[in-house]
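Just below is one structure, and these are the notes that go with it.
When reading the values below, keep in mind they use all heavy atoms of this one structure, side chains included, and skip hydrogens, waters and symmetry mates. If you're wondering where the values come from, they're calculated on a predicted model, not measured in any experiment. Chain letters run A, B, ... following the sequence lines, proteins first and then strands; every chain starts at 1.
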Amino acid sequence: MGLHMARTPPRAALRKLVGAQITRVRRHGKYLLLDTDREVAILVHLGMTGRLRIHRAADPRVAHTHVVLGLGDRELRFIDARRFGQFDVVARGKERDHPALAVLGPDALDQAIDVPALLATAKDKRTTLKALVLDQRVIAGVGNIYASEALWRARLRPTQRTHKLTAPAAQRLAAAIREVLERALDNGGTTLSDFVDADGAAGENADYLWVYGRAGRPCPRCKTEIRRSVLQGRATYFCPTCQTP
DNA sequence: ATCACGACCTGGAGGC
DNA sequence: TGCCTCCAGGTCGTGA
């Protein structure tokens, strides 16, 4: 496999998994944790194109298969064409010491979003609402699609400065983030091109997006044409009428 | 310290 | 057909 791999652990770390049984799967933000009956857990981030799938051991390995863990006559495979993903082994109980996990804020769905804390964070910053929602240190788990969706739902302009966020707007934003993520999960996730779930199925949520990828089409609330802009290098979609600046 | 930008990668889509 | 450019769900390092 050579040097061109996704971020993967040294073989010595992977060897700690030999004989282990995966006992449960957890998630914090965009990171998955696969606990085992040993003193180690598997940490996975799928990046943009990562997949974690169970295959029969006899199935051919597709290109960009970076990690293979044998499971009897089956295999757990980590496949990632763009190599933006991560696959690592962490000591049990030391998960929060891992640099990727240490900086994460509370998970968006794990418990109710702390609105006063969100408001306080917003007051201290000079960036945009879009950047705030995408900042994994503030709330973990919201990606670029759902940032646009949540801001539309909360009727907030992505370019609005965070320190101007009002308490009612923060409340709307917190509710919108949860609503958008739960809706996406109900619909099996958003497949634009690559995403498939653990069983290999595409998600249907792209059919239900309000604004993301819908520039020039009518806002579902007010029929104004949705606009696309670029904020910090990321595509951003919004309604210029009903998302107040 | 905070913020915005480019880099990191591959592959698919569309123009010519 | 083929070659080119642009675009993509994320994060990280850099320099202002």
Starting at atom CE of A/M48, determine the distance to atom P of C/dA8, rounded to an integer number of angstrom. 9 Å
When the C1' atoms of C/dG9 and B/dC3 are compared, how many Å lie between them, rounded to an integer? 23 Å
With sugar-phosphate meaning primed atoms plus P, OP1 and OP2, does A/D194 contact a base, only sugar-phosphate, or nothing at under 4.0 Å between heavy atoms? base
Could you check how far CG of A/L46 sits from P of B/dC9, rounded to whole Å? 19 Å
Contact check, side chains of A/F87 and A/L69, non-hydrogen atoms, under 4.5 Å: yes
With a 4.5 Å limit on heavy-atom distance, are the side chains of A/N205 and A/I145 in contact? no
Rounded to whole angstroms, how far apart are CZ on A/R51 and P on B/dG11? 12 Å
Quick one: closest heavy-atom pair of A/G105 and A/H28, and the distance? O-NE2, 2.8 Å
What contact category does A/A131 fall into here, base, sugar-phosphate, or nothing, at under 4.0 angstrom with non-hydrogen atoms? nothing
For nucleotides 11-16 of chain C, give me one character per nucleotide, 5' to 3': B if any protein heavy atom sits under 4.0 Å from the base, S if the only such contacts are to the sugar-phosphate, - if neither. BS----
Measure CG/A/D135 against P/B/dA4 and give the value in whole Å, please. 11 Å
Taking only the side-chain heavy atoms of A/S193 (C-beta and beyond), determine which of C/dA8, B/dA4, C/dG9 contains the nearest atom. C/dG9
Can you say whether the rings of A/F78 and A/H66 are parallel (under 30°), tilted (30 to 60°) or perpendicular (over 60°)? tilted
Test side-chain hydrogen bond (donor to acceptor under 3.5 Å, both in side chains), reference A/Y31, set A/H45, A/R26, A/Q86, output is A/Q86
Does A/R221 qualify as a cation-pi partner of A/W152, given the criterion of NZ or CZ under 6.0 Å from the six-membered ring centre and within 45 degrees of its axis? yes
Within residues 113-130 of chain A, residues whose heavy atoms come under 4.0 Å of DNA chain B: A/K125, A/R126, A/T127
Is it the case that the side chain of A/T191 and the backbone of A/G189 share a donor-acceptor pair, with hydrogens and angles ignored and the cut-off at 3.5 Å? no
Would you call A/R56 and A/D73 a side-chain contact if the rule is heavy atoms closer than 4.5 Å? no
Whenever both distances are under 3.5 Å in a Watson-Crick or G-U wobble pair, mark it; put DNA chain C into dot-bracket that way, with [ ] for crossing pairs and | when the partner is on another strand. .|||||||.|||||||
Any side-chain N or O of A/H64 less than 4.0 Å from the OP1 or OP2 oxygen of B/dG11? yes
Same hydrophobic cluster for A/L209 and A/V211, using side-chain heavy-atom links shorter than 4.5 Å among ILVMFWY? yes
A/R228 CZ to C/dC6 C1', in whole Å, measures 10 Å
Check the distance between C/dG10's P and A/L32's CG and give it to me in whole angstrom. 14 Å
So what does A/T49 touch, heavy atoms closer than 4.0 Å: a base, only the sugar-phosphate, or nothing? nothing
Without decimals, in angstroms, what is the distance between A/R82 CZ and B/dA7 P? 14 Å
Decide yes or no for A/H64 and A/D80: does some side-chain heavy atom of the first lie under 4.5 Å from some side-chain heavy atom of the second? no
Might you point out which heavy atoms bring A/R27 and A/L109 nearest each other, and give the distance in Å? NH2-CB, 4.1 Å
Atom-to-atom span, CD of A/E149 to C1' of C/dG9 - whole angstrom: 13 Å
Indicate the atoms forming the closest heavy-atom contact of A/R157 with A/P240, along with that distance. NH2-O, 2.8 Å
Euclidean distance for P, C/dC3 against B/dC9 (whole angstrom): 24 Å
